[in-house]
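Worksheet: the structure to be examined is printed underneath.
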Amino acid sequence: MPIEHLKPADGPERIALALARDGCAVVDRLAEPAALARVQQELAPFIEVTPTGSDDFGGRRTKRTGGLIARSPAAREFVTHPLVLGAVERVLGHATNFQLHLTQVIAIGPDEPAQMVHRDQWAFDFFPFPQGYEVQCNTIWAMTDFTAANGATRVIPGSHRFEDKRQFHEMDTEPAEMEAGSVLFYTGSLYHGGGANRSDVVRMGLNLTYVVGWLRQEENQYLSVPLEVARTLPDDLLRLMGYVDDTRDPIEVVKPGAAREGFGELEAAQRQLRRQA
Ligand SMILES: O=C(O)CCC(=O)C(=O)O
Ligand SMILES: [Fe+2]
């Protein structure tokens, strides 16, 4: 089954429909080349000093550089891209809210073999989520061209409906070939893996993933983004990073006075306790 390729003008609804049907879709040439160049430039020194992986899954010739909200102001625009958030909102809309899960540049070096075919949602201790209840919606933006030769992500369209814990091989998958600036969307339930890099260039992807609000984030944004940086970020990004709570608005910790809602019952209870003291 081929991977559906969409245009930016097709809009979030079409992306969500493709994800419901196939579990994956590519939107071609969504990023402005200048925006992509800024991300490259801001992250180059961090990627440079990132060690390669220490196991086969992470990839011994692959570098994974995270903490991108703190390290790259330009990457924040990708995290909050309206078309992406529009699609994610539709894919994860059955949950009350969703949050940022992981921000990572994945740089697959020459001679890296294909990664094991997997579902990203296996990271939640292989919990058997019901089929059709998506918990994760992922993007990987091509920072370089993605080709079959240089390690384009390999996917099995339609496999979001397959049984869990199955094993597949490279020949069962298809490469998500796309030009730099394009973005592959895939659900946490889609069987996929990083491709083998049989070229002499590094394949670089910007992996930005989102998860329902009730699951733990893979990258803890409160630790990966220092408070001084968090204080400079837009409120909507902070909320996406997980600054939410049930009785009070944790955005108060970062920006006193920015809360949309008061402290409610909790605040009333604290006043009462003070009066009694
Ligand atoms: O880099 C890629 O193309 C995908 C990597 C991947 O699927 C993963 O690390 O979970
Ligand atoms: Fe993956």
Side-chain angles (χ1 to χ4, degrees), residues 8 11-13 15-16 19 27 30-32 34-43 46 65-105 134-141 183 185 188 206-271:
E13 190 65 38
I15 301 171
L19 287 171
V27 177
L30 180 59
E32 295 290 336
L36 203 59
R38 274 203 305 280
V39 175
Q40 304 258 25
Q41 196 192 346
E42 288 168 354
L43 291 175
F46 296 102
T65 308
L68 306 187
I69 298 282
R71 292 172 168 170
S72 168
R76 296 171 200 159
E77 306 292 321
F78 285 78
V79 169
T80 57
H81 194 291
L83 184 64
V84 170
L85 294 185
V88 175
E89 207 172 86
R90 286 167 171 81
V91 176
L92 303 180
H94 44 268
T96 308
N97 58 21
F98 65 87
Q99 60 189 338
L100 188 59
H101 188 47
L102 175 74
T103 65
Q104 189 174 79
V105 168
E134 298 298 349
V135 293
Q136 200 177 334
C137 186
N138 303 328
T139 61
I140 185 160
W141 295 77
V183 54
F185 286 81
L206 179 61
N207 196 199
L208 304 175
T209 73
Y210 308 82
V211 73
V212 291
W214 55 269
L215 280 172
R216 185 184 166 90
Q217 292 159 300
E218 186 164 347
E219 184 182 62
N220 186 321
Q221 299 297 324
Y222 331 112
L223 291 179
S224 78
V225 181
L227 197 52
E228 314 84 77
V229 177
R231 290 208 161 101
T232 67
L233 299 177
D235 296 354
D236 286 347
L237 177 55
L238 288 170
R239 291 181 212 285
L240 185 62
M241 287 162 58
Y243 283 90
V244 284
D245 187 348
D246 57 349
T247 53
R248 64 191 178 122
D249 192 333
I251 212 161
E252 280 288 318
V253 176
V254 184
K255 293 185 185 173
R260 282 185 197 152
E261 284 161 21
F263 284 58
E265 298 301 310
L266 187 68
E267 198 180 40
Q270 275 166 342
R271 270 200 307 273

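Nothing fancy with the numbering, it's 1 onward along the sequence.
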- Residue pairs involving residues 72-93 (criterion side chain to side chain donor-acceptor pair (under 3.5 Å); sequence neighbours excluded): Glu13-Arg90, Glu42-Ser72
Can you give me every donor-acceptor pair (side chain of residues 229-238, partner residue at least two apart or in another chain, under 3.5 Å) with its distance?
residue, atom, partner, partner atom, Å
Arg231, NE, Val254, O, 2.8
Arg231, NH2, Val253, O, 3.3
Thr232, OG1, Val229, O, 2.6
Asp235, OD1, Lys255, NZ, 2.9
Asp236, OD1, Arg260, NH2, 3.3

- Message: Taking Leu215's backbone N and O only, do any of them form a donor-acceptor pair with Gln99's side chain (distance below 3.5 Å, no angle check)?
- Response: yes
- Decide yes or no for Tyr210 and Leu85: does some side-chain heavy atom of the first lie under 4.5 Å from some side-chain heavy atom of the second? yes
- Task: Taking Gln217 for its side chain and Met241 for its backbone only, find out whether a donor-acceptor pair lies under 3.5 Å.
- Result: yes
- Message: Between Val79 and Leu68, is there a side-chain heavy-atom distance shorter than 4.5 Å?
- Response: no
- Are the side chain of His101 and the backbone of Thr209 linked by a donor-acceptor contact shorter than 3.5 Å? no
- Query: For Thr103, does its backbone N or O pair with a side-chain atom of Glu219 as donor and acceptor, under 3.5 Å?
  - Reply: yes
- Going by atom types alone, do Gln136 and Asn138 pair a side-chain donor with an acceptor below 3.5 Å? yes
- Give a yes or no answer on whether the side chain of Arg71 reaches the backbone of Leu43 with a donor-acceptor pair at less than 3.5 Å. no
- Backbone of Glu134 reached by a side-chain donor or acceptor of His94 within 3.5 Å: yes
- Message: Tell me if a side-chain donor or acceptor on Thr139 pairs with a main-chain N or O of Leu208 at a distance below 3.5 Å.
- Response: yes
- Message: Quick check against the 3.5 Å criterion: does Tyr222 have a side-chain atom that pairs as donor or acceptor with the backbone of Gly242?
- Response: yes
- Message: Distance check, rounded to the nearest 0.5 Å: Gln221 atom CD versus Leu100 atom CG?
- Response: 4.5 Å
- Task: Please report the closest heavy-atom contact between Ala16 and Ala87, naming both atoms and the distance.
- Result: CB-O, 4.5 Å
- Derivation of the side-chain contact (heavy atoms from CB on, under 4.5 Å) call for Leu83 and Leu30: CA-CA 9 Å; Leu83 184 64; Leu30 180 59; 3.8 Å; yes
- Query: Should Ile69 and Ser224 be marked as a side-chain contact (heavy atoms from CB on, under 4.5 Å) after you check the CA-CA gap, both sets of side-chain angles, and the distance that decides it?
  - Reply: CA-CA 8 Å; Ile69 298 282; Ser224 78; 6.0 Å; no
- Do the side chains of Val84 and Phe185 get nearer than 4.5 Å, heavy atoms only? yes
- Message: Whether the side chain of Asn97 engages the backbone of Val212 through a donor-acceptor N/O pair (distance < 3.5 Å, no angle test) should be reported.
- Response: no
- Is the shortest heavy-atom distance from the side chain of Phe78 to the side chain of Leu36 under 4.5 Å? yes
- Is the shortest heavy-atom distance from the side chain of Val88 to the side chain of Phe98 under 4.5 Å? yes
